[in-house]
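Keep in mind that the numbers below use all heavy atoms, side chains included, and drop hydrogens, waters and symmetry copies. Convention: sequence-line order gives letters A, B, ...; per-chain numbering from 1.
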Amino acid sequence: MSIEDRVLCFCTRPSFTPEYQSQVTELCQTQQVDWQAVFNAAELHHVSPLVHHSLSQLNAETIQLPGDVRKQFKTAQIHNVMLKKGTHRTLTQVLGKFTQANIDVMLVKGTVLNLLVYDKPWYMISGDVDMVIRDTEEAFKSGPNGFIAEEIDKINTFRNKFQQHMEFDFWSHHDMTMNGILKISGDFLWRRAKKIEAFNNPVFVLPPEELLLSAAINACRKRFFRLKALCDIASIIESYPDLDWTYVCQMAHQWRAHTILYTALIMTERTLGCTYPKSVLKKLRVSKLRERIILNSIDRLLTHSLTSSAQWSSQHLFGRNFSQALKLTYATYPFPVLIKKLCEIVYAWWDPPSPILPPVEHHIEMKSKNPIGEIL
Amino acid sequence: MTRNFRINTPGVVHEMIDGEVVIVNLDTGRYYSLDSVGAALWGQFEQYHSVEAITQWVQLQYEDATGTIQADVETFINQLLEDELLIVDDELGGWQTPDVIPAAGVQKPFAKPELNTYTDMEELLLLDPIHEVTDEGWPETA
């Protein structure tokens with residue numbers, strides 16, 4: 001890892017302890033740090049406010065942080081606070097309407113981590129707000145509240161322009177199931193969920209064990225290489241020292257997400273550091289062959305720099321870009337899914353789809369229908 | 001006559017982060033940042049509600065080397081009123097004397113407070129369709 005990578009990883013740790021502070025100061029005194037590269041990478045990994053907070057605990061002169069880079073960090077922090085304040089108001093309004101209509105809503109992903117895990121949510125970027133409605137899509141849309149789907153759609157279309165997505169899903173969340181790849185039952189999630197008061201409304205949230213699994217799945221969706229996703233994992237583990245690891249491992253198997261959790265834990269440990277019982281990796285019972293592939297991929301991935309886009313660079317195979325991070329992600333998929341995925345890639349290469357025609361009337365009609373089915 | 005003012009809640013929300021205050025005016029879509037003296041001053045608006053009280057607080061805390069404290073504080077408060085971050089509220093209690101007096105010789109150097117204004121996200125903050133939903137609930141279907 002380069003010095004910039006090391007500084008970035010230290011500053012992304014959930015607890016930037018005096019020990020880490022001294023290590024960063026020492027690093028900066030012995031070697032020249034390209035601070036602009038650190039900022040660019042922090043932005044890429046969605047951790048710039050957190051890194052700014054960590055750096056603000058150090059002496060800017062001692063670490064030789066240039067004023068212009070400091071200003072960029074500061075601006076990113078201010079922008080993040082503004083977005084969070086705005087989202088807080090919107091979310092309070094949206095949840096209020098659901099409460100009035102007697103619709104149960106579960107908050108998932110970053111939204112719930114801000115509530116339950118992070119002491120200082122202002123330092124954490126979460127562009128999206130993700131919610132699950134306790135109903136099936138068909139029943140909801142054909143029921144008395146069906147018209148709400150159109151209202152939600154308007155909100156989504158508007159917020160998407162600002163990359164501030166507000167995603168609703170029915171019964172379970174497509175990001176959690178990885179669009180059906182994982183065996184996660186919505187019924188089960190709703191049985192496990194607890195009702196709490198948040199944003200002036202009753203909402204459902206998952207217990208810490210499921211939060212951890214969900215964060216590991218999210219890290220997989222980000223190809224195990226977004227530091228924000230790994231920071232979520234480290235923070236959950238740190239916030240809940242009494243996690244029931246036996247249950248976590250059981251559920252990981254049941255959801256077919258044990259390889260994902262295995263990889264997520266190792267990646268988090270190797271980048272940001274996190275402490276979990278060593279028996280957990282054994283309990284996840286990852287096959288020797290797959291273990292070897294995963295560890296090898298992680299080694300290769302970490303030889304790339306976090307502060308450059310090298311990890312996203314890729315080899316071309318069957319017309320697709322295969323980065324090291326994507327290879328690692330595929331290595332964690334359940335075997336039948338992996339085979340299916342590879343078959344799809346080879347098939348698409350063998351028989352490429354027809355080019356997309358320019359928009360005509362039909363396209364306008366589709367647009368007006370909006371991707372409710374996809375988003376909701 | 002003494003003018004009393006307060007933070008324009010609930011339309012104005014704020015957060016103190018690492019010694020800096022980020023203020024969002026949800027009604028105008030603008031957001032702001034304050035650091036050093038400005039941030040310290042903002043922190044006093046919960047307690048002191050008049051130019052006189054705030055000026056007195058600043059004079060106790062900061063060294064008035066240039067003799068401009070009173071004018072600078074007034075300009076700053078007027079700017080906050082203009083941007084609707086503070087509003088005049090005569091129902092508030094009148095004069096209140098600052099009670100936190102620093103030990104002699106520990107006054108900090110005064111720097112003119114600056115309000116940094118950002119307008120790049122006005123559209124997101126103001127036009128979100130959820131704001132059109134009435135208190136009665138989601139709009140009824142036609």
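Distance check: A:M82 CE to B:D120 CG gives 6.0 Å after rounding to the nearest 0.5 Å. Considering NZ of A:K120 and CD of B:E15, their distance stands at 12.5 Å, rounded to 0.5 Å. Expressed to the nearest 0.5 Å, how far NE2 of A:H52 lies from CG of B:D18 amounts to 6.0 Å. Remark: B:L125 CG to A:T90 OG1 distance equals 8.0 Å, nearest 0.5 Å.
Neither the backbone nor the side chain of A:Q57 has a heavy atom closer than 4.5 Å to any heavy atom of chain B. Contacts between A:K74 and chain B at a heavy-atom distance below 4.5 Å involve the side chain alone, from C-beta outward. Looking at B:N116, neither its backbone nor its side chain comes within 4.5 Å of chain A, counting heavy atoms on both sides.
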What's the verdict on side chain to side chain contact (heavy atoms under 4.5 Å, CB included) for B:Y32 and A:I78, showing C-alpha distance, side-chain angles and the deciding distance?
CA-CA 8 Å; B:Y32 307 82; A:I78 293 167; over 6 Å; no
Verify side-chain hydrogen bond (donor to acceptor under 3.5 Å, both in side chains) between A:H79 and B:Y118, making sure each step is shown before the conclusion.
CA-CA 9 Å; A:H79 191 81; B:Y118 306 83; over 6 Å; no
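Dense packing is recorded around CZ of A:R134, with more than 12 heavy atoms of other residues, nucleotides or ligands lying under 6.0 Å away.
Side chain of A:K85 to main chain of B:H14: a donor-acceptor pair is present (N/O by atom type, distance under 3.5 Å, no hydrogens or angles).
Shown here for B:L26 and A:G86, the closest heavy-atom pair between the two residues is CD2-CA, 4.2 Å.
A salt bridge links A:K161 with B:E123: at least one charged nitrogen is closer than 4.0 Å to a carboxylate oxygen.
Taking the side chain as every heavy atom from C-beta outward, B:L124 and A:F158 approach each other to under 4.5 Å. Residues A:W122 and B:V22 form no side-chain contact, since every pair of their non-hydrogen atoms from C-beta on lies 4.5 Å or further apart.
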